[in-house]
Amino acid sequence: VRYGDNIHIKETNIKNTGFQGIGVDRGGKEIYIDDNVVTRAGGDGIHVGGQTTPDMIKDVFVTKNRILDSADGGVGVTGGTGGYINNVWIIDNIITGTRGGGGMDIEGCQSVMIRGNRIYGHAKNGILIGTTQVQQPSDIFVDGNDIGPSLSVSDWAVNIFRANFGAFVLHPIVIRN
């Protein structure tokens, strides 16, 4: 889905995709991705991203999904090199078997709640919080998630990552798992 407002993707079974299981990019608001099952996606199970355009994505709700055996990550919400993503809720998802990525990749987002998710069997970080060239993460709350075991002993359950784009200031980031 590109350039859409008031998007609802609900109670859908998605299997064996060549790319993302569910993908929303290039701007939009009021995006609800709820109670879906994504199995064997060729990329992220669910990906919401700003790509390279100066668009804003806001009011994103990713809730009660099951993401199983994806080739990359479970849930990716990334601002790209030109986008902004604000007001993101990732709640009560089950993510298992991310063969090439982590459970969640949250980059360049502000006002994010990550709560009550179960992430295990991930190849990289359980939850990665990072910056983009345009937007630094702020007001991120990670609370009550069950993370691990992973497929790798070298990555983190929760990793706050600094990209090399100048000053990096984290405003309130609260982690309680």
Side-chain angles (χ1 to χ4, degrees), residues 8-17 20-24 31-49 57 59-79 85-132 136-163 170-177:
H8 295 260
I9 302 171
K10 184 172 182 167
E11 297 176 355
T12 304
N13 289 316
I14 298 167
K15 296 180 183 177
N16 302 314
T17 64
Q20 318 296 357
I22 296 172
V24 179
I31 298 165
Y32 301 88
I33 302 171
D34 181 55
D35 202 21
N36 300 287
V37 178
V38 179
T39 307
R40 291 181 299 281
D44 288 342
I46 296 172
H47 187 87
V48 178
I57 295 176
D59 302 327
V60 176
F61 303 88
V62 179
T63 59
K64 299 178 188 171
N65 297 286
R66 288 184 296 156
I67 297 149
L68 314 167
D69 193 29
S70 63
D72 196 5
V75 174
V77 182
T78 60
I85 301 181
N86 295 311
N87 194 24
V88 178
W89 297 78
I90 304 173
I91 298 175
D92 294 333
N93 298 283
I94 297 171
I95 300 167
T96 182
T98 59
R99 293 172 278 135
M104 293 184 189
D105 182 3
I106 311 302
E107 297 183 36
C109 297
Q110 296 182 341
S111 298
V112 178
M113 171 62 73
I114 302 170
R115 175 179 281 161
N117 299 285
R118 292 187 297 168
I119 302 168
Y120 52 95
H122 46 284
K124 295 187 179 176
N125 301 292
I127 299 173
L128 175 100
I129 299 167
T131 187
T132 66
Q136 297 174 353
S138 68
D139 300 319
I140 311 284
F141 295 90
V142 180
D143 185 31
N145 298 283
D146 183 8
I147 303 171
S150 72
L151 300 175
S152 169
V153 296
S154 63
D155 287 315
W156 305 51
V158 178
N159 184 1
I160 300 172
F161 175 75
R162 177 183 175 203
L170 295 175
H171 298 284
I173 292 183
V174 177
I175 299 172
R176 295 184 306 237
N177 288 314

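Sequence positions, counted from 1, serve as the residue numbers for this chain.
Across all their heavy atoms, Q20 and A41 have their closest contact at C-CB, 4.4 Å. Looking at every heavy atom in both residues, R115 comes nearest to M113 through NH2-CE, 3.6 Å. Nearest heavy-atom pair, S70 versus G43, reported as atom, atom and distance to 0.1 Å: CB-O, 3.5 Å. Here the shortest heavy-atom pairing between D92 and N117 reads N-OD1, 3.3 Å.
With contacts defined as side-chain heavy-atom distances shorter than 4.5 Å, the pair V60/Y32 does not qualify.
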Item to check | Step-by-step salt bridge (charged side-chain N to carboxylate O under 4.0 Å, His left out) determination, D35 to K64 | outcome: CA-CA 5 Å; D35 202 21; K64 299 178 188 171; over 6 Å; no
Item to check | side-chain contact (heavy atoms from CB on, under 4.5 Å) evaluation trace for E11 with V37 | outcome: CA-CA 7 Å; E11 297 176 355; V37 178; over 6 Å; no
Next on the checklist: Let's go through V88 and I106 carefully: what are the C-alpha distance in whole Å and the side-chain angles of both, what is the deciding distance for side-chain contact (heavy atoms from CB on, under 4.5 Å) to 0.1 Å, and is it a yes or a no?
Outcome noted: CA-CA 10 Å; V88 178; I106 311 302; 5.8 Å; no
Checklist entry - What do the steps show when you test R66 against N93 for side-chain contact (heavy atoms from CB on, under 4.5 Å), and what is the final call? => result CA-CA 6 Å; R66 288 184 296 156; N93 298 283; over 6 Å; no
Checklist entry - Run the side-chain contact (heavy atoms from CB on, under 4.5 Å) check on N16 and T39 step by step: do they pass? => result CA-CA 6 Å; N16 302 314; T39 307; 5.9 Å; no
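Not one N or O on the side chain of Q110 forms a donor-acceptor pair closer than 3.5 Å with the backbone of N86. Although no hydrogens or angles enter the test, the distance criterion places no donor-acceptor pair under 3.5 Å between the side chain of D105 and the main chain of I129.
Heavy atoms of other residues, nucleotides or ligands lying less than 6.0 angstrom from CZ of R99 number more than 12. Under a cut-off of 6.0 angstrom, the local environment of CZ in R40 is crowded, with over 12 non-hydrogen atoms contributed by other residues, nucleotides or ligands.
Exactly one of T98, I95, V142, V62 qualifies for a side chain to side chain contact (heavy atoms under 4.5 Å, CB included) with M104. That residue is I95.
Interatomic distance, I114 CD1 to W89 CH2, rounded to the nearest 0.5 Å: 11.5 Å. Rounding to the nearest 0.5 Å gives a distance of 12.0 Å between CG of D139 and SG of C109. Put simply, NZ on K15 and CG on D69 are 12.5 Å apart, with the number rounded to the nearest 0.5 Å.
Checked against side chain to side chain contact (heavy atoms under 4.5 Å, CB included), N36 has the following partners two or more places apart in sequence or in another chain: I9, T12, I22, I33, N65.
In this structure, a donor-acceptor pair under 3.5 Å is absent between the side chains of N87 and S111.
The pair K10-D34 counts as a salt bridge, with a side-chain nitrogen and a carboxylate oxygen less than 4.0 angstrom apart.
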